[in-house]
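See below for the structure under consideration.
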Amino acid sequence: MSTSPPDLAEIAARLERLEARVLSGTLETGRLRILGPHGRPVAEIGASPEGEPEVVLLDALGRDRVLLRLVEGECALE
């Protein structure tokens, strides 16, 4: 198995496509983690283990503190 150096033109094209997706608001991910000014996570947006949408706010130690999600079609705040 041979490894060849990355094709810089292909890398540039991939970066341009990614940039276009981000700027158009169509970036897809399983879970979005928002970092605070010191690089620690402060919020997460994604799906609960059951597949329902949820928003989580974390404390300074990274623990879940506020959880907003759908439970059986109803809004739940913990």
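These numbers were taken from a predicted model, which means no experiment stands behind them.
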**Request:** Please report the closest heavy-atom contact between Ala76 and Val71, naming both atoms and the distance.
**Result:**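 Of all heavy-atom pairs spanning Ala76 and Val71, the closest is CB-CG2, 3.8 Å.
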
**Request:** Would you name the heavy atoms of Val42 and Leu35 that are closest together and state the gap between them?
**Result:** CG2-C, 4.2 Å

**Message:** Strictly distance-based, threshold 3.5 Å: is any side-chain N or O of Arg69 a donor or acceptor partner for the main-chain N or O of Ser48?
**Reply:**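 Answer holds: no.
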
Considering only heavy atoms from C-beta outward, does the side chain of [X] approach that of [Y] to under 4.5 Å?
X     : Y     : result
Glu16 : Ile11 : no
Arg65 : Leu58 : no
Leu15 : Glu19 : no

Can you establish whether the number of heavy atoms outside [X] located under 6.0 Å from its atom [atom1] is more than 12?
X     : atom1 : answer
Arg40 : CZ    : yes
Arg14 : CZ    : no
Glu74 : CD    : no

**Request:** Can you measure from CD1 (Ile34) to CD1 (Ile45) and round to the nearest 0.5 angstrom?
**Result:**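 One finds 4.5 Å between CD1 of Ile34 and CD1 of Ile45.
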
**Prompt:** What's the spacing between Leu68 CG and Glu54 CD if we round to 0.5 Å?
**Reply:** 9.0 Å

**Prompt:** Under the side-chain hydrogen bond (donor to acceptor under 3.5 Å, both in side chains) test, which residues partner Glu78, sequence neighbours left out?
**Reply:**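 Checked Glu78 against side-chain hydrogen bond (donor to acceptor under 3.5 Å, both in side chains); zero matches.
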
**Item:** Ion pair check, Glu44 and Arg33, cut-off under 4.0 Å
**Value:** yes

